[in-house]
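What you see is a predicted model, and the numbers here were worked out from it, not measured in a lab. This chain uses plain numbering: 1 for the first residue, then up along the sequence.
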Amino acid sequence: MPTDAAERKVIYRSRKKDGCCPRCGVKKKKSDKFIYCGDCRAFYRGYNQEMSDDINTIRKERYKKRKKNKQCPRCGKKHSKSYKKIICASCLKKQYSYL
């Protein structure tokens, strides 16, 4: 497998032009509407799912930790003792500006 980005790009384009899967080089059917073959698509789906699961668990843990420590869960600013809301004023202002 070439390590240089330019070489990978050349191989990708040549395989795609020949009607093969750009990742593994397996010849695809003409009726396939996807660029990658079924095996490579399954690999990417599984990989992306694992990555998003890991990221979600990290975000949930950080949210719980910040909420417990009286911090804004988004930016991490420390709340005063009299502040009753969960999200700080600057993050709320930013959130309301999207609406």
Side-chain angles (χ1 to χ4, degrees):
M1 186 78 180
T3 56
D4 186 19
E7 291 177 41
R8 286 194 306 264
K9 192 181 288 188
V10 169
I11 291 172
Y12 174 90
R13 287 182 179 158
S14 67
R15 285 180 177 173
K16 188 175 174 185
K17 186 178 117 187
D18 294 338
C20 299
C21 174
R23 181 176 176 261
C24 64
V26 172
K27 191 75 174 167
K28 297 184 315 168
K29 298 176 187 173
K30 290 187 178 184
S31 62
D32 284 345
K33 59 182 177 180
F34 300 106
I35 296 172
Y36 294 99
C37 67
D39 293 336
C40 292
R41 287 179 43 237
F43 168 79
Y44 284 129
R45 276 195 304 268
Y47 178 78
N48 291 336
Q49 185 64 40
E50 289 174 17
M51 294 301 292
S52 64
D53 289 343
D54 292 343
I55 291 170
N56 285 339
T57 55
I58 291 168
R59 286 181 180 165
K60 286 178 185 178
E61 289 172 7
R62 181 177 35 186
Y63 179 88
K64 288 177 187 176
K65 181 181 173 188
R66 285 182 175 175
K67 191 174 174 185
K68 180 182 169 189
N69 293 333
K70 300 275 188 189
Q71 293 176 314
C72 175
R74 293 186 180 183
C75 66
K77 290 180 188 172
K78 191 79 172 163
H79 294 310
S80 63
K81 292 185 179 189
S82 62
Y83 195 75
K84 300 290 183 194
K85 296 181 181 178
I86 295 172
I87 298 173
C88 71
S90 60
C91 288
L92 281 175
K93 184 179 177 184
K94 186 176 180 181
Q95 179 180 345
Y96 291 142
S97 70
Y98 293 133
L99 300 175

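The environment of CZ in Arg41 is crowded: more than 12 heavy-atom neighbours from other residues, nucleotides or ligands sit within 6.0 Å.
For the residue pair Ser80 and Lys70, no side-chain donor N or O sits within less than 3.5 Å of a side-chain acceptor on the partner.
For the pair Arg23 and Tyr44, the distance from NZ or CZ to the six-membered ring centre is under 6.0 Å and the angle to the ring normal is within 45 degrees.
Arg13 has its side chain within reach of Lys9: a pair of non-hydrogen atoms, C-beta onward, lies under 4.5 Å apart. Proximity of Ile35 to Pro22: side-chain heavy atoms (C-beta onward) are separated by under 4.5 Å at one or more points. Annotation: side chain of Asp32 is in contact with side chain of Lys29 (closest heavy-atom distance under 4.5 Å). Using a 4.5 Å cut-off on side-chain heavy atoms (C-beta onward), Lys85 and Ile87 make no contact. Considering only heavy atoms from C-beta on, Cys88 comes within 4.5 Å of His79 through its side chain.
Rounded to the nearest 0.5 Å, atoms CG (Leu92) and OG (Ser97) are 11.0 Å apart. Atoms CD1 and CG, on Ile58 and Asp53 in that order, are 11.0 Å from each other to the nearest 0.5 Å. Of the inter-residue distances, the one linking Gln95 atom CD with Ser90 atom OG reads 11.5 Å to the nearest 0.5 angstrom. To the nearest 0.5 Å, the span separating NZ on Lys16 from OH on Tyr36 amounts to 8.5 Å. With rounding to the nearest 0.5 Å, the separation of CG in Asp54 from CE in Met51 is 6.5 Å. Atom OH of Tyr83 sits about 10.0 Å away from atom NZ of Lys77, to the nearest 0.5 Å.
Think of Ile55 as one node in a network of Ile, Leu, Val, Met, Phe, Trp and Tyr side chains linked at under 4.5 Å; it has no links at all.
Of the possible polar contacts, one joining the Lys78 side chain to the Asn69 backbone as a donor-acceptor pair under 3.5 Å is found.
One hydrophobic cluster, built from ILVMFWY side chains closer than 4.5 Å, holds both Phe43 and Tyr12.
What you find for Lys27 and Cys20 is that their closest heavy atoms are CD-SG, 3.9 Å.
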Enumerate donor-acceptor pairs with a distance under 3.5 Å from any side-chain N or O in residues 61-68 to protein atoms, sequence neighbours excluded.
| residue | atom | partner | partner atom | Å |
| --- | --- | --- | --- | --- |
| Arg66 | NH1 | Pro73 | O | 3.1 |
| Arg66 | NH1 | Arg74 | O | 3.2 |

